[in-house]
Amino acid sequence: QVQLVESGGGSAQAGGSLRLSCAASGYTYIYSCMGWFRQAPGKEREGVAVTASDGSTSYADPVKGRFTISRDNAKNTLYLQMNSLKPEDTAMYYCVAETFPDCSGRFWSGNGLDAWGQGTMVTVTS
């Protein structure tokens, strides 16, 4: 079982940027889908972004144009560049990996995915 460890969270002012990293203990190339979820206090978990093994990406509407997901299989690391941060981006961010090659509906449900990290907190102040 791969272990995913997130880093890069912290505090930022609205309009600022943060870059999250997710280091995998195993090879990331075996995962068809890797992505990020978040959960704000008192709210349900939601998908943020996903990248497939072919390099394609998909984003949730609230972060489109502001966040960029990427992965470096040589370093077994997933990234999330977050720009133009808003207070509503405040949440715990989780790295997720899945071997099943469906990076659309099934992945975005968040159910039954192979591996989750412990999360890194992002706080955006106005």
Could you tell me whether the side chain of [Y] reaches within less than 4.5 Å of the side chain of [X], counting heavy atoms only?
| X | Y | result |
| --- | --- | --- |
| Q13 | P87 | no |
| R38 | E46 | yes |
| S17 | Q81 | yes |

For [X] and [Y], indicate whether the former's side chain and the latter's backbone hold a donor-acceptor pair under 3.5 Å.
| X | Y | value |
| --- | --- | --- |
| T77 | K75 | yes |
| S25 | Q3 | yes |
| E6 | G119 | yes |

Once side-chain contact (heavy atoms from CB on, under 4.5 Å) is applied, do any residues pair with [X], and if so which ones, sequence neighbours excluded?
| X | value |
| --- | --- |
| N111 | R45, S109 |
| A23 | none |
| S56 | A52, D54 |

Apart from [X] itself, which Ile, Leu, Val, Met, Phe, Trp or Tyr residues share its cluster (side-chain heavy atoms under 4.5 Å, direct or through members)?
| X | result |
| --- | --- |
| W108 | F37, V50, M92, Y94, V96, F107, L113, W116, M121 |
| Y79 | none |
| M82 | V2, L4, L18, L20, Y27, Y29, I30, Y31, M34, W36, V48, Y59, V63, F67, I69, L78, L80, L85, Y93, V122, V124 |

Item to check | salt_bridge(D61, K64) N-O dist < 4.0 Å | outcome: yes

Next on the checklist: Show the nearest heavy-atom pair for residues T28 and N73, with the distance to one decimal.
Outcome noted: OG1-OD1, 2.7 Å

Checklist entry - Taking atom types as modelled and ignoring hydrogens, do the side chains of D114 and T99 form a donor-acceptor contact shorter than 3.5 angstrom? => result yes

Item to check | Residue E88 excluded, over 12 heavy atoms near CD under 6.0 Å | outcome: yes

Next on the checklist: Nearest 0.5 angstrom please: R71 CZ to S53 OG, how far?
Outcome noted: 6.0 Å

Next on the checklist: If I take atom OG1 from residue T68 and atom CZ from residue R66, how far apart are they, to the nearest 0.5 angstrom?
Outcome noted: 11.0 Å

